[in-house]
Structures are given as C-alpha cells and as structure tokens.
2 protein chains.
Amino acid sequence: MATVWHCQAVTSASTAGAVRQGSLRELNLAVVLGRIATADRPPSRAAIASDTGLTRATVSAVVDDLIAGRLVVEAEPEPRAGAGRPARGLRLAGDGPAGLGLEVNVDYLAACVVDLTGQVRHHEMHRADLRPLSPGDALARLVELAGRARTAADRQGLTLAGATLAVPGLVDAHGLVRLAPNLGWREVDVPALLAGHPALTGTVADGPALTVDNEANLAALGELHATPGTASFLHVSGEIGIGAGIVLDGALFRGARGWSGELGHVPVDPAGPRCRCGARGCLETYAGQEAILAAAGLAGADLPADTAARRLADLAGAGDRATLDALRAAGTALGVAVSGVVNLLDLDTVVLGGGYATLAPWLRPPVAAELADRVLTAAWSPVTVRAAALGPESAAVGGAGSVVRRIITRPSGWLGRRE
Amino acid sequence: MATVWHCQAVTSASTAGAVRQGSLRELNLAVVLGRIATADRPPSRAAIASDTGLTRATVSAVVDDLIAGRLVVEAEPEPRAGAGRPARGLRLAGDGPAGLGLEVNVDYLAACVVDLTGQVRHHEMHRADLRPLSPGDALARLVELAGRARTAADRQGLTLAGATLAVPGLVDAHGLVRLAPNLGWREVDVPALLAGHPALTGTVADGPALTVDNEANLAALGELHATPGTASFLHVSGEIGIGAGIVLDGALFRGARGWSGELGHVPVDPAGPRCRCGARGCLETYAGQEAILAAAGLAGADLPADTAARRLADLAGAGDRATLDALRAAGTALGVAVSGVVNLLDLDTVVLGGGYATLAPWLRPPVAAELADRVLTAAWSPVTVRAAALGPESAAVGGAGSVVRRIITRPSGWLGRRE
DNA sequence: GCTATTTGTTCAGTGGTTGAATTAAATGGC
DNA sequence: GCCATTTAATTCAACCACTGAACAAATAGC
C-alpha cells in the first residue's frame, strides 16, 4: 500500500532524533551524495575526502554503497594536469531512481518524471476544465497520466521512487486537502482516493510514497530545481489567487503550521476595495487575475488561468492602453506587497511565476521600482526581479524534484528499501 | 583571546558537515541533554532511553559524561506509583555553566547572567544617554557591568561560558556593527574594541566567546526564554524604529543574510506620509515612537524610548483623548502590517515587546481587530496578541539565554573545553 | 626505465552503540 | 516478615563504522 508523508518543515537540531549506530553511515551517505550532487564537475573520492574531512577509506566504502544502490556512477576519467594516478569522477546516476510529479489545477492536469540529475525525462500535460468534475473523477484522469509516466520511466530504465501531487489549496500534514477554492474542493482525502490505483503502487517495494502539497510551494521548488544557482528567493505565483513560495538556503520555508505563503491577502492599502476574504485592500484585489482582467476591460470573461495571462500579454504586446495601465497598476501593488516581504525576510531575489511569468515584461518594471524605493537594504545590494524559468509545469517538476531531493538528502531511505 | 562567532541561520541538512566517529557521541549528548531540558519533570535514564530509542546502556554512558561535565544533576527520587526500583530524576544543573547577556541601547546599558535552567541569576541596568559617547567609551562602561556580572556569577558558583551583546542595529556575521542609526554607530568593530578586556576573557579556558547580535532578534529570544510554551511567534519591538523577531519552532529565523525583521519599513499605505528611509507609508511613519508622540501632541520632546512609552501610558491611563486616538491609529497600522506577516508566515501568536509592551493595553485591541479581519486562517484558529513577558531587559536575557541554548544544543563544545 | 605523485584499496585498531545478563531497590501478596 | 514481581541502572562481550597507515595502481616527468 502506498504510504503517505508530508514534507517536513525545517526543524531545529534539538528536536532531531537519537543517533543510533547505523545513523553514522546514514549521515555520511547523505554527506557524500550531497557533495556529488552539488559539485560543479564530477569529484573524485579523494577530493570528497579532503573536502569533508572524512578518510579516503571511509569515502570509498560509502561510495561503494552508493554505486551498489544505483545512485552514483563513475564518470570517465577527467583530464588533469600533473603527475599521479588519474582520478575517477563520480556523478549522479541518470538511470537509477526518479521522482514522479503530478499536478491538478483548475484548467489542466500534468505529470512528469525527473531523474536524479534533475533532467526532466518525461512530461505530459492535459488541458481540461477540472472544475465540473468531482475530486474522484479528476483524480481518476490524473491516474491515467501517472500510468503513462510510469510506463515511460520503465522504458528508460528508471525506477519511480515516490510521487508528489501539487494541488492549488491548503494541504495538511496527512495529505488531506482542506480547501482548494478554485477547484471547489473541500476536505478531500487525496491519499485515500488514490490508495488502490496500480499506477501509484507498482514495482518498487511498497510502491512510490505519495506526498500531497501546495501548488505554490512546489512551483517554488521547481524554480529552485531549474536554477539551482539562487538558493534563496521569493517565488510569486499569480493565478486566480496569489501564492508565494519562500525558498531559503535551498529549502522550502513552510511557516509554523505549513500554511505559509498567503501573499494574496497581504494588505496593500487598508482602505482599498473589499476582497472576497472579507478584508479590504488585499493584494488580490489589485493584482489577482480577475482584478487585472477587469481593469483591462475583460471582466467576466471567465478565462482559464493560462489563457487569461496569454490574452493579456497579447493585448499588452499590441499596445492596448487599458491593458498596459492595468498591468502597471497590478505591478505596483505587487511591488508594494513584495517589498514588505523582502524587508521582513531579507531576500535578494524575487521570481515572477505562474501567470505572472507570461506577464513579466510588463510587471517587472513597476515591481522593481517599488522594491528599489521601499527595501531598506536595496542600497547595499539591489533586489533582482525575474520571470520564472519554468512555465506552468513548474509545480509538477518541483514535486518530482522534491522526491529526488529527498533521496539525495536521505539516501538511506532508498538504499534500505532495495532489499 | 576571546573568539567570536555569530549565531547561525537554520541550515538545511545537506550543508551539514561530515560525521566523524566521535560525532556519534556528540550528537547523542545533545539529544539526551535536549530531552532533559525540555521535559516537564525530571526524566529517568530509562524514560529517556525509551523516548529516544537509544539503549539504556548508552543513555547511562551519555548521562555520566553530562554529570561529569556539570551540565546535569540527579534530582531527588520522584514519587511514583506501582512496584519497581525508583527512578533517579535528571535535571539541568543550576550551578554549572551560565550565559552572560549584555546590551547597549540608546538610553541604557544592561547585563545579566542566566543559568542552564533559564533562571536569571544576576541582573543590572544602568540608565544613561549613550548617544553622546563614542562607541569605545560606551563599551568601556559596559565592561564595568560585565565585570560585576562575572563577580556575581563567581560568587554563586557559576562559570560564564559565553557572552552575547545586543545592539540596536545591523550586525554582520563577524560581529561588526554595520549601522546602528539611533546610537549613531557606523562600522564599529565591537569584538576588536572588547578584545583585551579582562572581564570578558576570564577563568574559562579561552574565555567566554563573544557574540554580537541585533537587539530585536535577541529580545524575541528573551521572550522565548520567558515563555517556552509558545515555540513560534512574531515578536515586535517598538522603539524609535520597529523591529521584528521571528521565532519558529523554538529557533530564531534570520532570513537569507541575517538581516531579517525590518518591520518598520513594511508598507502600510503606499500613498502615506514620507518616511526617513525615502519611501512612503512605512509602518514607522504610523506606529514609530516619534509618530505616536507627534499624534499625541508631544512632538519634539526627544524623550528616551523607555520614558516615552511610560509617558504615553500615563496620558492614556488618564484618559487623554489625543493620546488614545494616537494609540488606536498606531495599533491599527501595526495590525495591518502584522497581518501581512501572519498571512505570509502562518504564525499564531504576536508578542508586543519593547516600548509596545508598556502600551499593550491600548495597542492590543486594534491590532487584534485587524488580525481577525485580515488573516485568512483566523477563522480556523485565532491569532493571539499579547504583551511581552519581559520588559526592556528582554534583549539581555535573550542574549544570555542564547549562550545557554547553544550549550544545550551542542554540549560537546562545553565538555570539550573543560580539559 | 626510474622516480615522484596522486588515487584508491586493504587491514588491523579503536570508539561508541547494542543487547543480554546482572545487580539494585522498591512494591505487594501471602 | 519473606519472597516473587517489577522497574532502574550497570556491566560486559560483540559488533558496526570510522581511523590511520601501509600498499597497490596508474600516470607524468626526467
């Protein structure tokens, strides 16, 4: 049966569990694999040893385990100047375990497979209005995509080690979707609905564990995956609602209870228009999709998210005055809200994702202007604003990447289950 | 010579160092000591073993080390029902290592000593306007307080294991005070200025290490120390500027570069009055000390922070209309800014600290009202707003507590240096 | 071809946990 | 009052994983 977990928040060292004897090896597996994963070029055993302070003997033993577990392969001997026996480089295996990423959104389903090296090895998107469907029917369609993803993975010699499902809503620690307003879901027990499906309980012992998580969080992780260079940033997903994913030092920040990131209801002007949440002047009333469409004269069009952004981009590209004004106003409001976040959390990069990625050429300037004005440390080091590297597939890729990431940070889980 | 470190941000597991052979014991020392520190009542060795999954044999060995290192003592056998040999309880030693907390602020100096159990064993505050003094002169006065604190600690059988200095400004990772506007400090190398002083380099091998940190951060830690029940909260320090300390799961959140918490420049109304930072409508222009004083008709009084809050409280208590209105307006603005933070970070407790603690009876209602209106999850679980448990001494206590906390989370540092 | 050099492996040694057996100290039934 | 029972803590041989040094492998330079 598929087991379910939920990505844990960053916990302090004091709450960490006890260290058993075997934990030593577990931890060193993670340390060595982490070095191999983050190194610029395939490192040798000796280089890892001198970097980490471990003995070459220990590193060799650990690497043997990693190779036996299909997590690492030896690369071609890298040309090196000077004397000495040539090193054998180590890199992540491209044909070992892989992660399955799934997404249910308002107007599409998506599935993708990401291997250990971060390559997207399979990707499929299915456009359809999911709102009329029951959760069970929507998930049944998703399972079809998951089945094809599994087949594609098998054909490429990959073993799916876990799956993560992105949902646009609040998800609790057990994978229960508390509320996904734009899908019309409420208290949907996704793991229970997906429990029996063969596409998700397959070849690996125990089958791929399923994680359910918020779409904005996973989109931020997808961005981290696509551009591993920036380890800390704020990822803003502009869809019908506005979500934020906060990535710090390569890890997703989840807040105290895991429901962080409600950027859409950060106040922009306390005397502003009333929001559907009941308050006044939330960011969503200025920069939410409906607000932008209304300001551009497209009210009531009820377009799916992706189409709406493209439509606005087309109009703006054609020089439509009302659209340009609407985007500038939205960008300014977004900049005000985001500069509050940046002042508070001391970030230096803001990524415009979701529908905002498409609209970035018009949103970026006003957002950047507000940040330059309002961020206290902007004088020291300016805040970068850029469009997301991935499109709408970002959340699925981020979900698959989180599975892979989990293997890399805790390889013992994968190695242990191989027996 | 006094060595200097800076409290580290929470880092992900992947960046953790390699695990050497001895690390096993190091980690288990921390695990066992952590259990003893956080337990409600003195736990027995057997209880720790079954809680952590370690063997009773291992726990006994670890506890022996902790007792030998004066970190733990055996408590009186606790009365227990049923048969069996009575357990010997374990609790933190009250006469082992202790932390020294220091603070330089605009109108006072403070020093305090906190023992392992969290008890404040010594406290001294010296009121004086520090602004006319050079950094060197101010620190020279502080050293006098530190010397008396050391004497008091010695008399009580405590060994100072480290010191933390709170400064109202931006501090970098080396203890360099980049900018403390209200003190008039800029690029002050505090560790260098304090290096030679005997009060800070004393009986312990290597002397107490000195950490320099931001006052708002440490005040939040002080609050955590005083009320360990709430592990996640936002601590707002209202002084001349407005700082925020974010505590998550018992750990201080520092942001990407360690300069988080600039709540004072979170926008409240983008079209509001111009702030001294150059932007418009920052929280500081509504709820900063000067703004409240001006609105209450006390502009230009140039009162020290502590006095100003007390003066306003007196006037409000006497029913002064202008003051009551000023406080309500400030509270509303504060509530708007804080609800943005709470939406973003999903916190459930807000603590009013610094000068706001004195004014809490008048600030709390409007802040709570805004939070109830604006926080999305408020319907599920309401956000608590309360005054800080500690007064102005909070930062010094928090600093001393951070020294103690460091010993508890990494006891090997203390045990190692005893040789 | 020989030496210097660097990589990777082998192997005895050691630190620290493991698990079972043992001792210690109390309760409760008879 | 004595003994079986129960729980706490210690002791000790076994074992796991890291350590450090010696050794084998592979290359460049002379």
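Order of the sequence lines fixes the chain letters, A, B, ..., with proteins taken first and strands second; residue numbering starts at 1 for each chain. Since we're looking at a predicted model, the values are computed, not measured.
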At 4.0 Å (heavy atoms only), tell me whether A:S44 reaches a base, stays on the sugar-phosphate, or touches nothing.
sugar-phosphate
Nearest of D:dA26, C:dT7, C:dT18 to any side-chain atom of B:T55?
C:dT18
Over all strands shown, is A:R25 touching base, sugar-phosphate only, or nothing at heavy-atom distances under 4.0 angstrom?
sugar-phosphate
Could you give the CG-to-P distance, from A:L24 to D:dC18, as a whole number of Å?
5 Å
Separation of D:dT10 P from B:I48 CD1 (nearest whole Å)
12 Å
Flag the pair A:L100 / A:V403 as yes when at least one side-chain heavy-atom distance between them is below 4.5 Å, and no otherwise.
no
Verify the distance criterion only: is there a donor paired with an acceptor across the side chains of B:D213 and B:T211 at less than 3.5 Å?
no
Is B:N28 close enough to C:dT17 that one of its side-chain N or O atoms is under 4.0 Å from OP1 or OP2 there?
yes
Kindly point out which of C:dG16, D:dA8, C:dT9 is positioned nearest to the side chain of B:A46?
D:dA8
Applying salt bridge (charged side-chain N to carboxylate O under 4.0 Å, His left out) to B:D95 and B:R70, what does each step give before you reach the verdict?
CA-CA 8 Å; B:D95 57 355; B:R70 291 167 54 210; 5.7 Å; no
Given D:dA8, C:dT9, C:dT17, the nucleotide with the shortest approach to the side chain of A:S60
C:dT9
Closest to the A:R85 side chain: D:dT27, C:dT7, D:dT10?
C:dT7
Taking any heavy-atom pair under 4.0 Å as a contact, classify B:A57: base, sugar-phosphate, or nothing.
base
Take atom CZ of A:R45 and atom P of C:dT10, then tell me their distance rounded to the nearest Å.
11 Å
Just the rounded figure in Å: distance from P of C:dG8 to CG of A:L66.
15 Å
Could you state the CG-C1' distance from B:D64 to C:dG16, rounded to the nearest angstrom?
14 Å
Would you kindly give the CD-to-P distance between B:E74 and D:dT10, to the nearest whole Å?
8 Å
Have A:R25 and A:S412 got a donor and an acceptor in their side chains that come within less than 3.5 Å?
no
How long is the gap from CZ on B:R405 to CG on B:L116, to the nearest 0.5 Å?
12.5 Å
Without decimals, in angstroms, what is the distance between A:L54 CG and D:dA21 P?
16 Å
Report yes if at least one side-chain N or O of A:T58 is closer than 4.0 Å to OP1 or OP2 of D:dA17; otherwise report no.
no
Atom pair distance, as rounded to whole Å: CZ in A:R56 and P in D:dC23:
14 Å
